[in-house]
Every structure is written in structure tokens, then in C-alpha cells.
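All values below were derived from every heavy atom in this structure, side-chain atoms included, with hydrogens, water molecules and symmetry-related copies excluded.
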Amino acid sequence: EKWNLPIHAFRLHCDESELTRRIQERDRIEWQKQDELQGAPAAQRRYDELFPDNSVFQLIDTTHLREEEVAVGMLKLST
């Protein structure tokens, strides 16, 4: 209540082939990548099932977006 600022909840999503590519390109140890490759697609599908619309989280498809474009999109949605 002190700051009285709005909270905006976003859920970032991309297709599974892009998700796999991004995970493989990260600067991580190979076992960390493999662990994430096993869990991330299933987690993303679960979020799709739990939150099929924008009533809780505003969905942003990041499949064809760079990080900067995602940030701009989030700013636009929150104003």
C-alpha cells in the first residue's frame, strides 16, 4: 500500500523448436541443458493447460522476438 503500484503478470511462450534452440545456446553446463530440455516443454504445456486465456497472465509469444522486442511488448501491455 505504501507504493500503490500496479502489478502486471506476463507469461512468456515460444514454440518447442525455438525453446529447444534457446536452451541449447545458453551458456550452461551440458547436464544443466539436458535437464532443462527434459522439463521445459512439459512445463510450458502445463502452463498452457492451466492458463488457456489472459485472465491471470498476459501471454506473450516470444517465438520470433528478440529480448528487446519482448521488453517493449511488455511495456506496451502494461500502460
- Message: Could you measure the distance from the NE2 atom of His64 to the SG atom of Cys14? Nearest 0.5 Å is fine.
- Response: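 If we round to the nearest 0.5 Å, His64:NE2 and Cys14:SG are 9.5 Å apart.
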- Task: Mind checking the CZ-CG spacing from Phe57 to Leu50? Nearest 0.5 Å is all I need.
- Result: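 Answer for the CZ-CG pair, Phe57 versus Leu50, is 9.5 Å.
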Just jot down the salt bridge (charged side-chain N to carboxylate O under 4.0 Å, His left out) partners of [X], sequence neighbours excluded, or say none.
X     : result
Arg28 : Glu36
Arg66 : Glu68, Glu69
Glu67 : none
Asp48 : Arg11

- Set of side-chain contact (heavy atoms from CB on, under 4.5 Å) partners for Asp35, sequence neighbours left out: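 By the side-chain contact (heavy atoms from CB on, under 4.5 Å) rule, Asp35 matches no residue at all.
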- Message: Applying side-chain contact (heavy atoms from CB on, under 4.5 Å), can you list everything that pairs with Glu30, at least two apart in sequence or on another chain?
- Response: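 Only Lys33, Gln34 meet the side-chain contact (heavy atoms from CB on, under 4.5 Å) criterion with Glu30.
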- Do Ile60 and Met74 touch side chain to side chain, with heavy atoms closer than 4.5 Å?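 Counting from C-beta outward, Ile60 and Met74 do come under 4.5 Å.
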- Indicate yes or no: at least one non-hydrogen side-chain atom of His8 is less than 4.5 angstrom from one of Gln58.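 The answer is no; the side chains never approach within 4.5 Å.
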- Message: Side-chain heavy atoms nearer than 4.5 Å, only ILVMFWY residues, links allowed to pass through others: does that put Leu77 and Val72 together?
- Response: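 Per the 4.5 Å side-chain linkage, Leu77 and Val72 are not co-clustered.
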- Kindly write out the residues that satisfy ring-ring contact (aromatic ring centres under 6.0 Å, His included) with Phe10, not counting sequence neighbours, or none if the list is empty.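 Phe10 satisfies ring-ring contact (aromatic ring centres under 6.0 Å, His included) with no other residue.
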Which other residues belong to the hydrophobic cluster containing [X], where Ile, Leu, Val, Met, Phe, Trp and Tyr are joined when side-chain heavy atoms lie under 4.5 Å apart, directly or via other members?
X     : value
Leu75 : none
Ile29 : Trp31
Ile23 : Leu19, Leu37

- Going by atom types alone, do Thr62 and Arg22 pair a side-chain donor with an acceptor below 3.5 Å?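 Side chains of Thr62 and Arg22: pair found under 3.5 Å.
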- Taking atom CZ of Arg46 as the centre, does the number of heavy atoms from other residues, nucleotides or ligands within less than 6.0 Å exceed 12?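 No.
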- Task: For atom CD1 of Ile7, decide whether the heavy atoms of other residues, nucleotides or ligands shown that lie under 6.0 angstrom number more than 12.
- Result: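 No, because the 6.0 Å sphere around CD1 of Ile7 holds 12 heavy atoms or fewer from other groups.
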- Query: Of Leu59, Leu65, Thr63, which meets side-chain contact (heavy atoms from CB on, under 4.5 Å) against Asp61?
  - Reply: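 For Asp61, the side-chain contact (heavy atoms from CB on, under 4.5 Å) check succeeds only for Thr63.
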- Query: Pairs in or reaching into residues 70-79: which pass side-chain hydrogen bond (donor to acceptor under 3.5 Å, both in side chains), with residues at least two apart or in two chains?
  - Reply: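 Passing the test, one end in residues 70-79: no pairs.
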- Not counting sequence neighbours, which residues clear side-chain hydrogen bond (donor to acceptor under 3.5 Å, both in side chains) with Glu16? List them please.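 Partners of Glu16 under the side-chain hydrogen bond (donor to acceptor under 3.5 Å, both in side chains) test: Arg45.
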